[in-house]
Structure formats: structure tokens, C-alpha cells
Amino acid sequence: MNEYKLPSAKEARFRRKTYKAPIIYDSVLLTESQKQLGVNLKYHVLTYGCQANVRDGEVISGILENMSYTFAEKLSDADIIILNTCAIRENAEKRVLGVIGSLKAYKRLKPDMIIGLCGCIPQQEEMVKMIIEKYPIVELIFGTHNITSLPKLLENVINTKKRNVEVLSVLGCIYEDLPSVRQFEHKAFVNIMDGCDKFCTYCIVPYTRGQQRSRKLEDILKEVNELKSKGYKEITLLGQNVNAYGKDLDQGYTFGDLLEKVSDTGIKRVRFTTSHPWEFDDKMIDIIAERENLMPFIHLPLQSGNDEILKLMGRRYTSKQYKELHDKIKSKIKNVSISTDIIVGFPNETEEQFLDTMKMVEHCQYDNAYSFVFSARAETPAARMKDTVSITEKKERLQRLNKRLGYYSKLNNQKWVGQIVEVLVDGVSKKNPAFMSGYTPQQKLVNFSYDNAEIGDIIYVEITQGMKNSLNGVQVHLGKENHE
Ligand code: 5AD
Ligand code: SF4
């Protein structure tokens with residue numbers, strides 16, 4: 001183990017109040033040999049987890065393409081496969097370990113194939129040690145803080161035929177000018193910050209992604225303007241906690257100010273994720289209500305509707321404060337849709353406490369929700385809490401909760417029947433190849449029949465049916481479509 005650079009759980013917890021993250025421009029400068037390393041070779045990146053990981057996956061692909069690797073559609077054609085991983089819950093980790101197991105067969109057929117692992121899983125001290133010990137086929141390991149080390153590490157693996165591991169537990173930097181291969185040509189993710197300092201007691205993210213670091217406003221605007229000039233119609237501003245944007249800078253800007261500036265660029269659609277009910281200020285609500293290109297869709301994670309559980313979770317708001325914020329957003333932003341995240345079965349959650357969550361669901365009637373059974377994450381305070389609730393009970397609560405969440409999703413979707421909505425076209429529908437699909441401003445997935453629609457168009461669709469997870473519709477023409 002000693003030859004490797006491994007993360008430290010103790011250091012990952014560390015925060016410095018006055019920390020100013022260094023900004024690194026021209027983050028990935030390749031040597032001549034690194035630029036040629038992938039000639040005639042292919043890569044594949046398997047990304048799991050949140051949008052931050054998706055964005056990292058785009059950057060990893062960008063770095064590999066700058067090193068002359070080309071994309072392999074099929075895993076079996078790849079000379080390097082990188083697993084870009086998520087550690088948010090145990091099942092996310094198990095899935096990745098299962099995939100590593102299944103890659104053994106590829107490696108047997110193609111012994112020179114390099115299997116790499118990055119993202120949140122190797123940021124955990126015990127996990128990475130276990131992987132090093134039990135999964136010798138993984139020869140390249142790096143973390144969330146040093147994606148830019150990929151060229152150096154990969155070159156080492158190829159030249160020395162030895163495993164290379166470098167995972168850092170640091171407060172973190174801000175990397176600019178990163179190469180990337182974006183997933184789409186009409187919509188894009190734009191990181192505005194990384195890391196999280198909230199330390200909700202169940203959550204691994206603050207340990208795996210480091211201290212909160214906001215990008216400078218001008219660097220974000222530069223990226224948005226570049227995307228706009230390339231024809232992008234929609235951007236999603238990404239951060240673990242977007243409403244805390246800028247608090248670590250001396251710019252004097254808040255997230256509301258950033259939204260205003262991004263709206264001013266004139267890009268057609270602006271979204272953001274994810275927000276915390278804490279620090280969600282009026283400026284944010286007012287500017288979204290005011291500006292047409294700021295989409296009326298808010299993800300507002302509840303986690304629990306019970307005050308004692310919220311306190312144990314370290315969420316910094318009460319159920320009353322959450323409800324007031326929710327109601328304010330609903331009343332101020334016309335036609336807004338609201339989604340949420342809920343955890344059931346937090347250690348020792350009683351039936352009564354769970355019912356408070358159910359009550360909140362009845363009040364908020366969410367458009368969409370992600371619900372999870374609590375999963376103990378090593379090193380987090382909640383993992384050390386003694387728990388008396390059985391997994392059967394937790395799963396039964398999740399089922400009851402999902403039934404009500406599904407009921408309201410469908411009810412809200414059905415309210416759109418008969419209305420004409422704007423849809424940004426994503427491509428052929430996964431449900432029906434004769435249809436196309438896309439999203440409304442409220443982030444509702446629509447599958448629709450069409451006569452004149454292409455990927456990236458913003459068109460009109462009349463909604464004919466509302467189901468739990470999507471809408472059906474028919475393209476209509478109002479004479480002001482945007483096919484540019
Ligand atoms: N167990 C279950 N769900 C979790 N989440 C985060 N950590 C855990 C955990 N340990 C959920 C939260 C968060 C979402 C991204 O994942 O609801 O908002
Ligand atoms: Fe995790 Fe809480 Fe930070 Fe969200 S705000 S990433 S739940 S610690």
C-alpha cells in the first residue's frame with residue numbers, strides 16, 4: 001500500500017474558514033508523448049451518480065481525446081475503460097463493484113486493457129484499500145481532486161506496467177479551461193462550484209468532494225457565452241449547494257446575482273441543481289419569477305418532514321421553515337414545478353416521525369421526487385448512530401411514501417392535458433421510435449408525435465395525456481417556433 005498516494009478520512013473532514021481555493025487556468029497541459037499516447041487506441045467512460053459526475057465524465061473523455069484516444073461504442077473494443085463512480089449509497093457502490101467483476105472477462109481476452117477507477121468511491125480511505133487488495137484488475141485509480149493527473153498516471157501505467165494510485169484528501173482547487181466531450185450539442189452542464197461544507201450527518205459528499213469552491217463569475221459567464229455562441233439552447237448550473245454560491249469568494253455575488261447575469265447572456269433556457277432549502281433567498285425566487293429564460297423548476301430536497309429527524313440530519317431548517325419556503329416559491333413563480341429528495345429510515349426514525357414526512361408530501365404535492373432508504377456511509381456521524389428500525393420496516397415505509405409521491409406526480413402531470421407547452425427537443429423517444437421527446441420548462445418529459453422537429457429545436461406541443469413519469473403530446477404550430 002505504501003507506494004500509493006491514498007486518501008485520509010481525517011483530512012477529508014478538515015475545513016478552513018478562510019480558505020481561498022487556487023484557480024488553475026490551462027489545467028491540462030499535455031507533453032508531446034502524452035498527446036500521442038492513445039494513437040490507434042480506444043476508450044470508454046462509464047459514469048455513475050449525479051450530474052457533477054456526468055460533467056467529470058465529459059472532462060475525462062475530453063482529456064483522453066486530447067491524448068489521441070477515440071471513443072469505443074462497445075466495451076470490448078476499448079483499450080481503456082474508466083469507471084467514474086458514485087458513493088452516495090451502498091447500492092451505488094455495489095453496482096460498481098459488480099461491474100468491475102464483470103470486466104474481468106474483457107481483461108482476460110485483452111490483457112493490455114487498462115481498467116481505471118475514479119470519482120467518489122476511491123475518495124474513501126477504506127474503500128480504496130479494499131479495491132487495491134481485492135481487485136487487481138483495476139490498475140489506475142485517481143480521485144475527484146486530481147482528474148487533471150490522468151495523463152501522467154495513465155502514461156505511468158502504460159510505461160511501467162504497474163498499478164498507479166493517486167487519491168488526494170485536500171480542500172481542493174478550481175480547474176479552468178478543461179477539455180471536454182459534451183454529451184449533447186443543444187444542452188450542457190456548467191459547473192459553478194464544487195465541494196460542500198454542509199456536512200448533513202448522513203452524507204458522504206463533503207468528504208469525497210472537499211471544501212466548497214465557487215468558480216469566478218466571469219469564468220462561468222465566459223463558458224455560458226461560448227456555449228451560446230456554439231448554438232446551445234439550455235444550460236444547467238451545477239453545484240452540490242448552488243444557493244451557497246459565492247460565499248467562499250470576495251466577489252460580493254450571491255447565486256441570485258449569478259442567475260441574473262447568466263439570464264442576461266440571453267441563452268434560451270437556464271436551469272440549476274441542486275439547491276438547499278437553507279440560504280434560499282428572495283433574490284433567487286424573484287429573479288426566477290421575473291426572467292423568462294430562468295426555468296420554473298426547483299429541486300428542493302426535503303429529506304424529512306420531522307423536526308427532530310431534520311435536526312439529527314443537520315439540515316438547518318425546520319419543517320415549518322421548509323413549508324413556508326415551498327409556499328413562497330409556489331405563490332411567486334408562475335406555474336413552477338417542485339421536486340424533492342426524501343430519505344426514509346434515518347436511524348431510529350419512528351412511525352410518527354415518518355408520518356410527518358407523509359404529511360409534508362400531502363402539503364407539497366410534489367411534481368417529482370427521489371426517495372431513498374437511509375444507507376449508512378462510513379465516516380459519517382449518522383453511520384455511528386445505533387439504529388433500532390428494521391430494514392423490512394424501512395422498505396415498507398418507502399413503499400407507502402412512493403405510492404403517495406406517484407399519485408401526486410401523476411395528478412400534476414394530468415393538469416397539463418389540453419395545454420400547449422414549449423419543448424426543447426432531445427431526440428427520438430425512448431418509448432416509441434415514431435415519436436420524439438424533450439422537456440418542458442417545468443422539466444417534464446414529453447413524448448410527442450411530430451411533423452417538423454429536430455434535436456435542439458424549441459417547439460410547441462399540445463399535451464394529450466399525463467402519466468406518472470411523463471406526458472404525451474402532439475406537435476402544433478403557432479407560427480413562432482424556434483428551429484434555428
Ligand atoms: N442514504 C440515503 N440517501 C442519501 N442521500 C444522500 N446520502 C444518503 C444516504 N446516506 C440522498 C439525499 C440527497 C440525494 C442526492 O441522495 O436525499 O439529497
Ligand atoms: Fe450532502 Fe447535505 Fe451537502 Fe447535499 S447539502 S451534498 S445532502 S452534505
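When a ligand or atom number is given, it counts from 1 through the structure's own listing order. Values below: all heavy atoms of this structure, side chains included; hydrogens, waters and symmetry mates excluded. The structure displayed is predicted, hence computed values, not measured ones.
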Original post:
Are Phe71 and Tyr43 near enough that their ring centres are under 6.0 Å apart?
Top reply: yes

Original post:
Quick check, are the ring centers of His186 and Tyr232 under 6.0 angstrom apart?
Top reply: no

**OP:** Mark up the atoms of ligand 2 that fall under 4.0 Å of a heavy atom belonging to Asn241, in ascending order.
**Re:** 5 (S)

Subject >> Proximal ligand 2 atoms for His276, defined as those under 4.0 Å from one of its heavy atoms >> reply: 5 (S)

Original post:
Which ligand 1 atoms are under 4.0 Å away from a heavy-atom of Arg377?
Top reply: 10 (N)

**OP:** Taking the six-membered ring for Trp and the single ring otherwise, decide whether the centroids of Tyr25 and Tyr175 are under 6.0 Å apart.
**Re:** no

Original post:
Within less than 2.8 Å of atom 1 (Fe) of ligand 2, any N, O or S from Cys200?
Top reply: no

**OP:** Considering only NZ, NE, NH1 and NH2 on the basic side and carboxylate oxygens on the acidic side, decide whether Arg213 and Asp197 come within less than 4.0 Å.
**Re:** no

Subject >> Proximal ligand 2 atoms for Phe199, defined as those under 4.0 Å from one of its heavy atoms >> reply: 8 (S)

Subject >> Asp248/Lys20 ion pair, N-O < 4.0 Å >> reply: no

Subject >> Glu292 and Arg269 ion-paired at < 4.0 Å >> reply: no

Original post:
Between the main-chain N or O of Tyr408 and the side-chain N or O of Asn412, is there a donor-acceptor pair closer than 3.5 Å?
Top reply: yes

Original post:
Among protein heavy atoms, which lies nearest atom 9 (C) of ligand 1, and at what distance?
Top reply: Ser375 O, 3.6 Å

**OP:** Report the C-alpha separation of Glu234 and Lys268 in whole Å, then their side-chain angles, then the decisive distance to 0.1 Å, and conclude whether the salt bridge (charged side-chain N to carboxylate O under 4.0 Å, His left out) test is met.
**Re:** CA-CA 6 Å; Glu234 179 179 291; Lys268 286 270 182 320; over 6 Å; no

Original post:
Would you find a donor on one side and an acceptor on the other, under 3.5 Å apart, between the side chain of Asp194 and the backbone of Gly210?
Top reply: no

**OP:** Enumerate the atoms of ligand 2 whose separation from the nearest heavy atom of Arg315 is less than 4.0 angstrom.
**Re:** 2 (Fe), 7 (S)

Original post:
Out of Ile204, Val205, Asp197, whose heavy atom is nearest to atom 6 (S) of ligand 2?
Top reply: Val205

**OP:** Please identify which atoms of ligand 1 are closer than 4.0 Å to at least one heavy atom of Ile343.
**Re:** 3 (N), 4 (C), 5 (N), 12 (C), 17 (O)

Subject >> Phe374 neighbourhood, listing ligand 1 atoms whose heavy-atom distance to it stays under 4.0 Å >> reply: 1 (N), 2 (C)

Original post:
Of the protein's non-hydrogen atoms, which lies at the shortest distance from atom 4 (Fe) of ligand 2, and what is that distance?
Top reply: Gln240 O, 4.3 Å

Subject >> Nearest protein heavy atom with distance in Å, relative to atom 14 (C) of ligand 1 >> reply: Asp341 OD2, 3.4 Å

Subject >> Protein contact of atom 7 (N) of ligand 1 - nearest heavy atom, named by residue and atom, plus distance >> reply: Tyr202 CD1, 3.3 Å

Subject >> Numbering as shown, the atoms of ligand 2 that approach Cys196 to under 4.0 Å (heavy-atom distance) >> reply: 3 (Fe), 5 (S), 6 (S), 8 (S)

Subject >> Proximity flag Arg209 to ligand 2, non-hydrogen atoms under 4.0 Å >> reply: no

Original post:
Tell me, which protein residue and heavy-atom name are nearest atom 16 (O) of ligand 1, and how many Å apart are they?
Top reply: Arg89 NH1, 2.9 Å

Original post:
Looking just at side-chain N and O atoms, do Glu166 and Ser149 make a donor-acceptor pair shorter than 3.5 Å?
Top reply: yes

**OP:** Provide the number and element of each atom of ligand 2 under 4.0 Å from a heavy atom of Pro206.
**Re:** 8 (S)

Original post:
What distance separates Thr274 OG1 from His276 NE2, expressed to the nearest 0.5 Å?
Top reply: 9.5 Å

Original post:
Which protein non-hydrogen atom lies closest to atom 1 (Fe) of ligand 2, naming both residue and atom, and how far is it?
Top reply: Cys203 SG, 2.3 Å

**OP:** If you have a sec, work out which protein heavy atom is nearest atom 7 (S) of ligand 2 and how many Å separate them, to one decimal?
**Re:** Tyr202 OH, 3.4 Å

Original post:
Non-hydrogen atoms of Val373 versus ligand 1: any pair closer than 4.0 Å?
Top reply: yes

**OP:** Check whether the ring centres of Phe272 and Phe255 lie less than 6.0 Å apart, and answer yes or no.
**Re:** yes

Original post:
Under 4.0 Å between a Lys/Arg side-chain N and an Asp/Glu carboxylate O for Lys444 and Glu422?
Top reply: no

Original post:
Nearest protein heavy-atom contact for atom 12 (C) of ligand 1: which residue, which atom, what distance?
Top reply: Gln303 OE1, 3.4 Å

